[in-house]
Amino acid sequence: MTSFPSKRLRRLRVNENIRNLVQEVRLSVNDLVCPIFVEEGLEKKKPVDSMPDIVRLPLSEVSNEVQNISDLKIPAVMLFGIPSQKDEKGTSAFADDGIVQKAVSEIKNNFGNKISIMADVCLCQYTSSGHCGIINDKKIDNDLSIETLTKIAVSQAKVGVDVVSPSAMMDGQVSAIRKGLDDAGFNDVIIMSHSAKHSSSFYSPFRDAAECAPQFGDRKTYQVPFTNPREAMREVEADIEEGVDIVMIKPALSYLDVIAEAKKRFNIPVSAYSVSGEYAMVKAAANQGWIKEDQIINEILSSIKRAGADFIVTYFAKSGAKLISDNS
Ligand code: PBG
């Protein structure tokens with residue numbers, strides 16, 4: 001066995017060319033999915049205070065934004081809607097003329113298959129309670145909720161969504177949605193479930209962006225505790241049994257171990273959602289001049305990939321794509 005002084009690991013770090021040759025993890029623009037917020041009734045773009053450079057878009061701006069994203073060669077967008085009406089049953093989430101349904105059809109008409117359209121399937125932006133399920137007798141009624149989630153997914157499929165992404169963490173949501181989609185003739189629509197979505201304080205800026213904070217209690221009865229990685233694996237396993245196509249671990253940065261474990265255990269694409277709090281922390285520090293934003297973005301996205309994510313939903317999609325094209 002060779003060892004120092006004949007073995008020298010620094011030899012492969014001698015210059016950039018050699019480092020490039022032996023680089024193990026490479027970020028590509030194909031690793032990125034860009035979230036978009038679209039708000040009903042909005043007249044012009046509205047900044048999200050807690051997420052610098054992120055805006056809520058009016059419907060009329062959606063195609064412009066998708067054009068920018070598509071010009072960067074980002075393969076997919078993830079749509080989140082903010083409706084003008086909320087009610088107990090979250091009806092605006094599955095209305096034929098709901099904000100997400102309109103946005104999906106607009107993008108599909110203008111871009112066809114040039115960019116893939118993913119859409120969030122959840123209730124919290126649409127229910128007066130701000131919860132991801134329907135309340136019955138002061139409790140979140142799981143089985144009632146999955147019926148509504150199925151209606152949402154089918155309504156999005158009708159207007160041409162490519163991927164539905166349930167994020168409500170209700171038991172059985174994947175099998176209910178798969179059945180609903182298949183019965184309605186949408187057997188090609190992909191399900192990417194937020195399989196292991198943890199109950200996390202990293203979501204607070206998103207709740208500003210999407211106006212979906214729970215009006216009472218918290219999400220601990222449905223989201224996974226961040227202390228329980230084995231339970232997270234049971235969630236992933238359950239979704240696979242129910243017929244999910246892509247699983248997701250969320251958040252990403254504090255959950256790299258969970259991403260790595262899911263990748264090792266299961267033979268299915270694993271995505272990661274680098275959430276609003278991860279974005280806000282980087283932006284805040286960068287705006288103070290305390291970190292170099294570009295280098296941090298590269299390091300964070302690379303580490304999520306290194307952990308095993310096949311791709312990443314990230315608010316840094318556009319800036320990440322620019323960095324990748326500058327460096328290649
Ligand atoms: C709601 C939803 C949330 C996020 C995505 N979908 C918030 C929550 O569960 O409170 C968070 C995304 C982010 O923080 O970027 N179903």
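For ligands, and for the atoms within them, numbers begin at 1 and follow the listed sequence.
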Ligand-residue contact atoms, ligand 1 with Cys124, heavy atoms, under 4.0 Å: 1 (C), 16 (N)

Heavy atom of the protein closest to atom 2 (C) of ligand 1 (residue, atom name, distance): Lys197 NZ, 3.1 Å

Residue list, salt bridge (charged side-chain N to carboxylate O under 4.0 Å, His left out) with Glu39, at least two apart or on another chain: Lys46, Arg56

Region of Tyr273 that comes within reach of ligand 1 [heavy atoms, distance under 4.0 Å]: side chain

Side chain, backbone, both or neither: the part of His194 lying under 4.0 Å from ligand 1 by heavy atom: neither

Contact check: Gln125 vs ligand 1, nitrogen or oxygen atoms, below 3.5 angstrom: no

Nearest protein heavy atom with distance in Å, relative to atom 5 (C) of ligand 1: Lys250 NZ, 2.6 Å

For ligand 1, the portion of Ser276 having any non-hydrogen atom under 4.0 Å away: both

Heavy-atom donor-acceptor pair, Asn15 side chain to Ile18 backbone, under 3.5 Å: yes

Value rounded to 0.5 Å, distance of CD1 in Ile296 from CH2 in Trp290: 13.5 Å

Verdict with reasoning, Arg265 to Glu261, per salt bridge (charged side-chain N to carboxylate O under 4.0 Å, His left out): CA-CA 6 Å; Arg265 281 201 203 192; Glu261 187 66 20; 2.9 Å; yes

CZ on Arg8 to OG1 on Thr2, rounded to 0.5 Å: 12.0 Å

Pair Asp310 + Lys305, salt bridge at N-O below 4.0 Å: no

Numbered atoms and elements of ligand 1 in range of Gln223, under 4.0 angstrom, heavy atoms: 9 (O)

Any Tyr279 heavy atom less than 4.0 Å from ligand 1: no

Residue and atom name of the nearest protein heavy atom (relative to atom 15 (O) of ligand 1), distance in Å to one decimal: Tyr315 OH, 2.6 Å

For atom 12 (C) of ligand 1, closest protein heavy-atom neighbour: Phe206 CD1, 3.4 Å

Atom indices of ligand 1, in the order listed, that fall short of 4.0 Å to a heavy atom of Cys122: 16 (N)

Ring geometry between His194 and Tyr273 (parallel below 30°, tilted from 30 to 60°, perpendicular above 60°): tilted

Under 4.0 Å to a heavy atom of Arg219 - the qualifying atoms of ligand 1, by number: 8 (C), 9 (O), 10 (O)

Row check, Tyr203 ring normal vs Lys250 NZ/CZ: under 6.0 Å, within 45°: yes

Ser167 contact mode with ligand 1 (heavy-atom cut-off under 4.0 Å): both

Over-ring placement of Lys89 relative to Tyr126, 6.0 Å and 45° cut-offs: no

Residue pair Ser63 / Glu106, side-chain donor-acceptor N/O under 3.5 Å: yes

Non-hydrogen atom of Glu278 closer than 4.0 Å to ligand 1: no

